[in-house]
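Below is one structure; the comments refer to it alone.
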Amino acid sequence: MYFLLLLLLSCVAPLNGFITTTTLFEKNKALSASAKLNGFITTTTLFAKKNKAISASAKLNGFITTTTLFAKKNKALSASAKFNVLLLRDNIQLKKQAGTVVQVSPLFWQNVLSKNMLGKLLTDIEVVSFTQEKKDIVEAKVVSAKALKTLLERKKSYDIKQKTGKEGKLFGAVTKKVIATLLAAEISEDKGFSNMLKSSKILSIVASDEDCPDASCPNLSDIKQIGVYEIVLSILPSSDISATVLVNILEL
């Protein structure tokens, strides 16, 4: 009886060991699976965080790049931008006269023209309007200059009487100013040519062919001898309009 009990216990012990071993193995298997799962989760989490960080960095770099490009573009546009300015006075730096529309940089406008009240800003529409008005004024001046030329050349000659001495020499020279005053007196105020004639300039005074048959007479600064002289008067230099008239210096 005792022997049978020992035999039974002997059989039960290995079985319990097997069960215990199996149970431990299952636990180890579960722990291994849990470890793998935790590793996967950890790896996935780290990968997600890394990707998120890379994505955030990429967005930040993209923003910085975009901002930099935008700033550079604006800087380039600012550098190339020009202001339309009407000059109120002659400008030596620009070599332009007052009344001229020029394009200048923002810095030149602010530091030079605006600061010294040398110009006036114009919009693009104002520039077009101003240019058209200036063109109309120029065209009107050309018409007036041509009309004045015709009026001056219509008369055969203009007489000036002066006191003379021996051999027809004048006591006082007839200057360009005297000639201009004479011509102005011949032009009626109603014609509206008085101001234009005052701004005209005598280019040359040369003795006529009768007094200078060899055609080699010099250009005179004034007249000191009686005779007939050919006067070339520049009426509108910008359009190369001039009048040629004869002035007859007579003995008083």
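Note: hydrogens, waters and symmetry copies are ignored here, and every other heavy atom, side chains too, is used.
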Side-chain ([X]) to main-chain ([Y]) donor-acceptor, under 3.5 angstrom:
| X | Y | answer |
| --- | --- | --- |
| S157 | N248 | no |
| K149 | S242 | yes |
| T131 | V127 | yes |
| Q110 | K115 | no |

Rounded to the nearest 0.5 Å, what's the gap from [atom1] on [X] to [atom2] on [Y]? Could you check?
| X | Y | atom1 | atom2 | result |
| --- | --- | --- | --- | --- |
| F108 | Q103 | CZ | CD | 13.5 Å |
| L148 | L236 | CG | CG | 10.0 Å |
| I125 | T123 | CD1 | OG1 | 5.5 Å |
| F130 | T100 | CZ | OG1 | 7.5 Å |
| I202 | I179 | CD1 | CD1 | 4.5 Å |
| S144 | K141 | OG | NZ | 9.5 Å |

For the [atom1] atom on [X], are there more than 12 heavy atoms of other groups (residues, nucleotides or ligands in this structure) within a distance under 6.0 Å?
| X | atom1 | value |
| --- | --- | --- |
| K155 | NZ | yes |
| D124 | CG | no |
| D240 | CG | no |
| K176 | NZ | yes |

Nearest heavy atoms of [X] and [Y], plus distance in Å:
| X | Y | value |
| --- | --- | --- |
| L152 | A243 | CD1-CB, 4.1 Å |
| Y158 | L151 | OH-O, 4.2 Å |
| V85 | G119 | CG1-CA, 3.8 Å |
| A145 | I241 | CB-CD1, 3.8 Å |
| L246 | E230 | CD2-CA, 3.9 Å |
| W109 | L121 | CZ2-CG, 3.4 Å |

Looking at side-chain heavy atoms only, is the closest gap between [X] and [Y] below 4.5 Å?
| X | Y | result |
| --- | --- | --- |
| L252 | Q162 | no |
| V247 | V174 | no |
| Q225 | I249 | no |
| I235 | M196 | yes |
| V232 | S234 | no |
| L113 | L87 | yes |
| I223 | V178 | no |
| V104 | L94 | yes |

The side chain to side chain contact (heavy atoms under 4.5 Å, CB included) partner of E139 among I137, V143, D136 is D136
Practice task
Could you please spell out the steps behind the side chain to side chain contact (heavy atoms under 4.5 Å, CB included) verdict for V128 and Q132?
Solution key: CA-CA 6 Å; V128 173; Q132 185 59 47; 5.6 Å; no
ask   = I226 and L182: same hydrophobic cluster, using ILVMFWY side-chain contacts below 4.5 Å?
value = yes
Residues joined to L88 in its hydrophobic cluster, side chain to side chain under 4.5 Å directly or through other members, sorted by chain and number, are none
